[in-house]
Amino acid sequence: MSTHDIFAALRARTVAILAELLPELPADSFARVQMEPPRDASHGDMATNGAMVVAKLAKLPPPKLAAQLAERLSALPEVAEAAPAGPGFVNLRLEEGFLRAQVGAVLAAGEAFGDSTLGAGVKVDLEYVSANPTGPMHVGHCRGAVVGDALANLLAKAGYAVTKEYYINDAGAQVQALAWATYWRYLVALLASPAGAEVAGRGPLAGFAASARGREDFEAALGVTLQYGGDYLVPVAEALVARHGAALVPADGGTPTAETLALVQAFAVAEMMAAIREDLALLGVKQEVFVSELGLIKDGKLEQAEALLDAKGLIYTGVLEPPKGKLPDDWEPRPQQLFRASQFGDEVDRPMRKSDGSGTYFANDIANHLHKIERGFAELIHVWGADHAGYVKRMQAVVKALADGQVKLDVVLAQIVRVMRNGEPVRMSKRAGTFVTLRDLLEDLAEMTGSMAAARDAVRFTMLTRKADAQMDFDLDRAVEQSRENPAFYVQYAHARCRSVLRTAGEPADLASAPLEALTDPAELALIRRIAAWPRTVEAAALAREPHRIAFFLHDLAGDFHVLWNKGREDATLRFIRDDEPEATRARLALVAATATVIRSGLQVMGVEAVQEMR
RNA sequence: GGACCCGUAGCUCAGCUGGAUAGAGCGUUGCCCUCCGAAGGCAAAGGUCGAAGGUUCGAAUCCUUUCGGGUCCGCCA
């Protein structure tokens, strides 16, 4: 899988030996054979369950097979010692020379160390953020954005061909409400401009012009209810006035035509998306593909999907059972067009059209997924907020139905983040002037750290220090604190220390070819073992779709490095740079350079910049 | 009523998709730090993995039941 993964290499050796020992077993008998670092380091460098896994099939007692396997493994040049243990494990102690060679492998490969062919170039579509284009990015979108972006990097490193996608919900009631709100702001801006004079006397507009032109005045004048009213629409409205003047006001000064509203809507959505992209850019998130819900509808994708499902006999008109427990007040049985989701593992069939015949959001989502499948993706991944958990099964059912089980849909659920300050949750209240938008959060952190880049890195790292589906508190003070308690700092500090040593040593070249025999201290070997585990960490994290594992690995790696550094403080012979020992110095500098490389490689996955020095 | 997520040390959380004596950080306790690479270091204590059954060589991990916390539940996106 990864050419750098010594665990995969030794596993392959183990499987080959087992196949030789047990020629009568079919090849797939060895699928569950593993080669892992043992939980207890005293057991050695690696352990395999190979004997236990195949013992039953081979009708042999596991310890006996383990003994045979151990004997053969101990003959390998990489292996210093192999011994059967426990219920049938084989523990391996590796030749130190083989371990040290991993340092050279890192330096030869650079940050590509750990790249894997696991994904085999499989096309994966990763959709994340997908916030409604009705306003700027909210802090609530932050975690999904970071998790999605890091997952994209992770999958790319593991050999998948990843497309980073954003689905724009630019159809439906939400954006219609946005259009109305924009139209209100437009009228306000228009009446304040010279162009406003010519229309100020028209019909209902006259009353509005004479009023304070507030939200309620607009609602009263045109008989609509506004859902939004954000100040962020003011510049959008001014741009509308600049482009269209008074042309968007109907002759009677009343309700604008559907065409006008559609125009306003499209304009507002475009502006909102531009703002959202800017917000995402602050976080270092850049998606490549933006799919428009409205575009899909216009392309007839919904009808296509419907026809496809209908041809498979998966659509029918029916009445759903009422939900159990407390009934909604206005519940009454109504026939709707339903998709047979229950045939694909969902609890009940799901409505595609409302009782009035119009499409549900679910139906548009079906169109979206058909569009993905048509583009040839073998795997679809979503990062969703945990409040969408109930939606997972039905979408998986749809994808199964549309692609006849050939395309897989995975959903990563991101739990809510509470922003904390001084141990208290920060209320997300606009009135209180606290964080509402992602930009607010980043700008506040930038003030604390001194730069937007540092704020971005602090947010990204911290967001990845928890499993996505676990709730987390984001402690503002902790996120920028320069202490061991802050994992982001702890890892950055390790990299900065590495760079500091290499700068002091004059940035030596050709470390990849340095002789490494001088690396004998247990702390040095422990660091090398950690580095050697990087490739398998990448693969395991990618398979599990869990980018947080990278953060934990880096924390452990940084810990190993700090331990070594601290030993050098107590024992001068363990310092990296020793003028009297040029050979040892080069070996240690190679190890330091390799450590820095792996840290950078991990930070790259997380989308965090590795710093050269701490300030 | 049902679905999904979570429950692991005092606290915040990992636990490599079923492996050996369950780990880390914080906190606590003890020792070290006038100078040398100290925005610290070393070490110890701390657990019936929410509970009860089951599956098998083997379970924190899988299954069933149950308790607690969260999210959600037809025509909202």
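Quick note: numbers below take in every heavy atom, side chains included, and nothing from hydrogens, waters or symmetry partners. Numbers restart at 1 for each chain; the letters A, B, ... are given by sequence-line order, proteins then strands. Here the structure is a predicted model, which is why all the values come from computation and not from measurement.
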Using the C1' atom on both, measure B:G18 against B:G70 and round to a whole Å.
28 Å

Which one is paired to B:A3, where only Watson-Crick or G-U wobble pairs with both distances under 3.5 angstrom count?
B:U71

Evaluate whether atom CG of A:D571 has more than 12 neighbouring non-hydrogen atoms of other residues, nucleotides or ligands under 6.0 angstrom away.
yes

Where do N or O atoms of nucleotides 11-14 of chain B meet protein N or O atoms at under 3.5 Å, pair by pair?
from: B:U12; atom 1: O2'; to: A:R466; atom 2: NH2; distance (Å): 2.5
from: B:C13; atom 1: OP1; to: A:Q471; atom 2: O; distance (Å): 3.2
from: B:A14; atom 1: OP1; to: A:K467; atom 2: N; distance (Å): 2.9

Is any side-chain N or O of A:K354 closer than 4.0 Å to OP1 or OP2 of B:G74?
no

Counter-base of B:U34, judged by Watson-Crick or G-U geometry with both distances under 3.5 Å:
none

What distance, rounded to whole Å, do you find between the two P atoms, one in B:U64 and one in B:G25?
36 Å

So is A:R536 actually on top of A:F7's ring, under 6.0 Å and inside 45° of the axis?
yes

Among A:R350, A:K354, A:R353, find the one that has a side-chain contact (heavy atoms from CB on, under 4.5 Å) with A:T360.
A:K354

Considering only side-chain heavy atoms of A:Q336, which listed nucleotide, B:G19, B:C75, B:A39, is closest?
B:C75

Between B:U17, B:G37, B:A20, which one does the side chain of A:N91 approach most closely?
B:A20

Angle class for the A:F344/A:F339 ring planes (parallel below 30°, perpendicular above 60°, tilted otherwise)?
parallel

Map A:F362 and A:R32 onto RNA chain B by nearest heavy atom, then report which one ends up closer to the 5' terminus.
A:R32

Go ahead and name the base partner of B:C26; Watson-Crick or wobble counts if both distances stay under 3.5 Å, otherwise write none.
B:G10

Give one of base, sugar-phosphate or nothing for A:A85, where a contact means two heavy atoms less than 4.0 Å apart.
base

State whether A:Y493 and A:R497 meet the cation-pi test: NZ (Lys) or CZ (Arg) under 6.0 Å from the six-membered ring centroid, and within 45° of the perpendicular axis.
yes

Counting just side-chain N and O atoms, does A:R497 come under 4.0 Å of either OP1 or OP2 of B:G37?
no

Which of these nucleotides, B:C42, B:G15, B:A20, is closest to any side-chain atom of A:E546?
B:G15

To the side chain of A:V53, which of B:G19, B:A77, B:C57 is closest?
B:G19

Counting side-chain heavy atoms from C-beta on, which of B:A39, B:C16, B:C36 comes nearest to A:R575?
B:C36

Is any side-chain heavy atom of A:Y167 closer than 4.5 Å to a side-chain heavy atom of A:D365?
yes

Just compare B:A77, B:A39, B:A3 and give me whichever is closest to any side-chain atom of A:K393.
B:A3

Does A:R350 or A:F89 map to a spot on RNA chain B nearer the 5' end, using the closest nucleotide for each?
A:F89

Between B:G41, B:U17, B:C76, spot the one nearest the side chain of A:N566, thanks.
B:G41

Out of B:A77, B:U17, B:C4, minimum distance to the side chain of A:H388 belongs to B:A77

Looking at A:D115 and A:K157, is there a salt bridge between them, counting it only when a charged N and a carboxylate O are closer than 4.0 Å?
yes

side-chain hydrogen bond (donor to acceptor under 3.5 Å, both in side chains) contacts touching residues 548-559 of chain A (sequence neighbours left out):
A:E546-A:R549

Among the candidates B:C72, B:A20, B:C5, find the nucleotide nearest to the side-chain atoms of A:D387.
B:C72

Checking N1-N3 plus N6-O4 or O6-N4 for Watson-Crick, or N1-O2 and O6-N3 for wobble, each under 3.5 Å, the partner of B:G19 is B:C57

Using the P atom as the point on both nucleotides, what is the distance between B:C62 and B:G15, in whole Å?
12 Å

Determine: side-chain N/O of A:R569 to OP1/OP2 of B:A38, distance under 4.0 Å, yes or no.
yes

Whole-Å C1' distance, B:A9 and B:C76
44 Å

